[in-house]
Amino acid sequence: MVILRIRSCGSHAKLPRPELQPEHRRPRALSRGGGGGSGRRNAMNSRPAPLPRATPWRSLPCPRAELRLELVLCGGQTFRWTETSPGYWTGVLAGRVWTLTQSEEQLWYTLHEEEKEDSSREEDGLSEPPQKKGRKQAQPDGSHAGTSEPSESHLPGEASQGVDGLTPSQILQDYFQLHVNLSALYQGWSYVDSHFREVAIKFPGVRVLRQDPVECLFSFICTSNNHLSRITNMIQHLCQAFGRRLCQLDTKTYHAFPSLQAMAGADTEARLRDLGFGYRARFVSESARAVLKTLGGAAGLQQLRSVPYEQARHALCTLPGVGVKVADCVCLMALDKAEAVPVDTHIWQVAKRYYGQELGMGARSVTERVHREIGNFFRSLWGPYAGWAQAVLFCADLRKYQESADPDAKHRCVKVPRSSLSTLT
DNA sequence: GACAAACCTGC
DNA sequence: CAGGTTTGT
């Protein structure tokens, strides 16, 4: 492992101090003029030297009010990013390994180059398309060249479809759905919901990711009766055992999310059981087969993006291990159904505590009736992006659990007009 | 049609 | 006992 140091800080005393980063150095927080997209934004003096086997740091405009990586990447939406050093997040997206960080106004990213085919590695070996050899990678080498889009390389799709032919910048904009004006949504929700208003102050920048449907579906199949740390572990094992190895950084190896074919293998269930998946092993294996057989595979899954929410939800619920909660998660986080509100016991508690005791009364658990009532309630309160608002509350709740809770908050109650109740779809 | 118990493992 | 689904009553 190499430790690099950014040299020549020069005169810019105001810039964040470059620190030693074991592998992923930080980009300097440079502000690009006005987002003119004029290609070479920083003259050659200010950009850090490229990492070994990684593209130079680049950025796109994205104020922190619109995105908080630490909340979005670690808030229970995705399980594939780790904070490799403070403020730096490394993970796999669209079949490649990225490191992300952000400054006040920019989202910074670098791509790590894939290792040479080594074949000394455990892999799925199943009916995956033959390995592409010698990927032609637009390697920035030491040169100057544009930081602008035109020179960016295309990606061979892995588990992900629909990103082929997109530039890295476009992939990120799509993944984070940067076209959605989050601040405006926050304002609207705050206006109609005083509890949201309180929470939102402490948790800005929580947006819903637009994830790959296959990855999202199978990740959330693993979440039943489970908690975050173990889920993360399981997903990592799943990728390691069934996904193509991409590269190694420090001591961590990164793998693509497995293809449906890889997960549909005959020995999948047994292997996953060995990996500690428990009864979920069968769900993963069976669902992979079912998606291939009855939903048109990965492409069919992806096409659910363009059908109505109820229809997509219903299709997902036919899969083993997929109930309404998991289906709603996938609808919201991969299938463009912003109105989908996943209701778990946490959200149920929140709903009862802050939004009225009549929600899901009489039930001892989150039954389908409770799910429907609470979903409809929040849709009527928050509107067509209700799922996004729910993500904010959920994230806040998670955080509260980990860190020192605001003990006060648990006892505050917020009044909500009763008229909001009982509307239905 | 709706609610309770089982299913696995770990914290 | 858990951020859920499935199965049986």
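Chain identifiers are assigned alphabetically (A, B, ...) following the order of the sequence lines, protein sequences preceding nucleic acid strands; residue numbering begins at 1 within each chain. Every value quoted in this text rests on a predicted model; they were computed, and no experiment measured them.
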Would you please name every residue forming a side-chain contact (heavy atoms from CB on, under 4.5 Å) with A:A389, sequence neighbours left out? A:W189, A:F196, A:W382

Would you indicate what A:L275 reaches in the nucleic acid, counting non-hydrogen atoms under 4.0 angstrom: base, sugar-phosphate, or nothing? nothing

Using side-chain heavy atoms (C-beta onward) and a distance below 4.5 Å, is A:F218 in contact with A:L260? yes

Test A:F79 against A:F220 for ring-ring contact (aromatic ring centres under 6.0 Å, His included), laying out the working first. CA-CA 10 Å; A:F79 311 95; A:F220 279 93; 5.4 Å; yes

State the dot-bracket string of DNA chain C. Criteria: Watson-Crick or G-U wobble, both atom distances under 3.5 angstrom; notation: ( ) intrastrand, [ ] crossing earlier pairs, | interstrand, . unpaired. ||.||||||

Check every strand shown and say whether A:P320 touches a base, only sugar-phosphate, or nothing at a heavy-atom separation below 4.0 Å. sugar-phosphate

Would A:E114 and A:R96 pass as an ion pair if we require N to O under 4.0 Å? no

When you list every nucleotide of DNA chain C with an atom under 4.0 Å from a heavy atom of chain A, which one comes first 5' to 3', and which comes last? C:dG3 to C:dT6

For A:R313, the salt bridge (charged side-chain N to carboxylate O under 4.0 Å, His left out) test, sequence neighbours excluded, returns A:D328

Salt bridge (charged side-chain N to carboxylate O under 4.0 Å, His left out) with A:R369: which residues, sequence neighbours excluded? A:E373

Contact between A:R64 and A:P204 at the side-chain level, heavy atoms closer than 4.5 Å - yes or no? no

Would you tabulate the pairs of protein nitrogen or oxygen atoms and nucleotide nitrogen or oxygen atoms of nucleotides 3-6 of chain B closer than 3.5 angstrom?
from: B:dC3; atom 1: OP1; to: A:R369; atom 2: NE; distance (Å): 3.3
from: B:dC3; atom 1: OP2; to: A:T367; atom 2: OG1; distance (Å): 3.1

Kindly say whether A:M263 contributes a backbone atom to a donor-acceptor pair with the side chain of A:T268 at under 3.5 angstrom? yes

Is there a donor in the side chain of A:Q173 and an acceptor in the side chain of A:S169, or the other way round, less than 3.5 Å apart? yes

